[in-house]
Amino acid sequence: MLKFTPDHEWLLIENDFATVGITQFAQEQLGDLVFVELPKLGAMLQPGGIAAVVESVKAASEVYAPIGGEVIEVNARVSEDPTLVNSDPTGTGWLFKLMIADKTQLDSLMDEPAYRTLIAGLGPA
């Protein structure tokens, strides 16, 4: 199951775990990434709290935790090569994985059609 936030994060839900990254729209707005700061393993993230930071030639942007949970894995490859987020933001450019603390938090997130409607209203990337 794929979910999205209004802040342009995506989550791939698999059982009790969520893989998190930024959307294609977000990476297009940011431009070429030059730095990614990931959360620490074992960190307990709260919904809406800062989870990571991505920096591009244009700007720095915070990545918020879409839901609460414990960070169980980080994608060290994007720290070494931030351009993975530009080339494949919903694949090899994922940022971190969470053990979901409360699955009811998923109910407040958007499905793909709702997210597409949101970004359509924002104009071209």
Side-chain angles (χ1 to χ4, degrees):
M1 170 176 32
L2 201 56
K3 294 285 195 171
F4 297 87
T5 73
D7 294 317
H8 310 289
E9 289 98 14
W10 59 265
L11 296 85
L12 176 63
I13 311 302
E14 299 173 287
N15 299 315
D16 294 332
F17 305 96
T19 303
V20 180
I22 64 170
T23 65
Q24 180 75 30
F25 180 86
Q27 75 82 23
E28 288 170 1
Q29 294 294 306
L30 286 166
D32 293 333
L33 293 186
V34 295
F35 178 76
V36 176
E37 181 181 331
L38 298 170
K40 298 203 180 318
L41 282 176
M44 292 298 296
L45 301 180
Q46 298 301 316
I50 298 170
V53 176
V54 292
E55 291 183 19
S56 72
V57 293
K58 291 182 179 179
S61 184
E62 290 147 347
V63 177
Y64 300 100
I67 58 173
E70 179 183 353
V71 177
I72 58 165
E73 189 175 346
V74 296
N75 188 354
R77 289 183 60 206
V78 299
S79 290
E80 298 162 9
D81 183 6
T83 63
L84 288 173
V85 178
N86 293 109
S87 61
D88 191 13
T90 57
T92 57
W94 62 273
L95 300 177
F96 58 92
K97 294 184 181 185
L98 291 175
M99 182 182 303
I100 301 170
D102 179 0
K103 283 191 170 185
T104 63
Q105 293 174 357
L106 299 173
D107 297 339
S108 64
L109 302 175
M110 292 178 272
D111 61 12
E112 192 165 359
Y115 181 72
R116 289 197 184 282
T117 299
L118 171 77
I119 61 174
L122 297 175

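What you see is a predicted model; the values in this text were computed from it and never measured.
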What heavy-atom pair brings [X] and [Y] nearest, and what distance separates the two atoms?
| X | Y | result |
| --- | --- | --- |
| I67 | L109 | CG2-CD1, 3.9 Å |
| M110 | P6 | CE-N, 3.3 Å |
| V36 | P82 | CG2-CB, 3.9 Å |
| A51 | F96 | CB-CZ, 3.6 Å |

Side-chain ([X]) to main-chain ([Y]) donor-acceptor, under 3.5 angstrom:
| X | Y | answer |
| --- | --- | --- |
| D102 | G68 | no |
| E70 | L45 | no |
| T5 | P66 | no |
| N75 | R77 | yes |
| W94 | V85 | no |
| D7 | V63 | no |

Counting C-beta onward and ignoring hydrogens, is there a side-chain heavy-atom pair between [X] and [Y] closer than 4.5 Å?
| X | Y | result |
| --- | --- | --- |
| V74 | P39 | yes |
| L98 | V71 | yes |
| E112 | F4 | yes |
| L30 | V54 | yes |
| F17 | I72 | yes |
| E14 | L12 | yes |
| T90 | Q24 | no |
| K97 | V20 | no |

>> According to side chain to side chain donor-acceptor pair (under 3.5 Å), who are the partners of Y115, at least two apart in sequence or on a separate chain?
In response: H8, T23
Just how far is it from atom [atom1] of [X] to atom [atom2] of [Y], taken to the nearest 0.5 Å?
| X | Y | atom1 | atom2 | result |
| --- | --- | --- | --- | --- |
| E37 | E62 | CD | CD | 10.0 Å |
| N86 | L33 | CG | CG | 4.5 Å |
| M44 | M99 | CE | CE | 9.0 Å |
| I50 | S61 | CD1 | OG | 10.0 Å |
| L11 | L106 | CG | CG | 7.0 Å |

Are [X] and [Y] in one and the same hydrophobic cluster, where Ile, Leu, Val, Met, Phe, Trp and Tyr link if side-chain heavy atoms are under 4.5 Å apart?
| X | Y | value |
| --- | --- | --- |
| L84 | F35 | no |
| I22 | L118 | no |
| V78 | V53 | no |
| Y64 | I13 | no |
| I119 | L2 | yes |

>> So for atom CG, which belongs to N15, do other residues, nucleotides or ligands contribute more than 12 heavy atoms lying within a distance under 6.0 Å?
In response: no
>> Evaluate V57 against V34 for side-chain contact (heavy atoms from CB on, under 4.5 Å), listing each step before the verdict.
In response: CA-CA 7 Å; V57 293; V34 295; 3.9 Å; yes
>> So that I can tick it off, tell me whether K103 and D16 are bridged by a salt bridge, with the cut-off set at under 4.0 angstrom between side-chain N and carboxylate O.
In response: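 Salt bridge between D16 and K103, a charged N being under 4.0 Å from a carboxylate O: yes.
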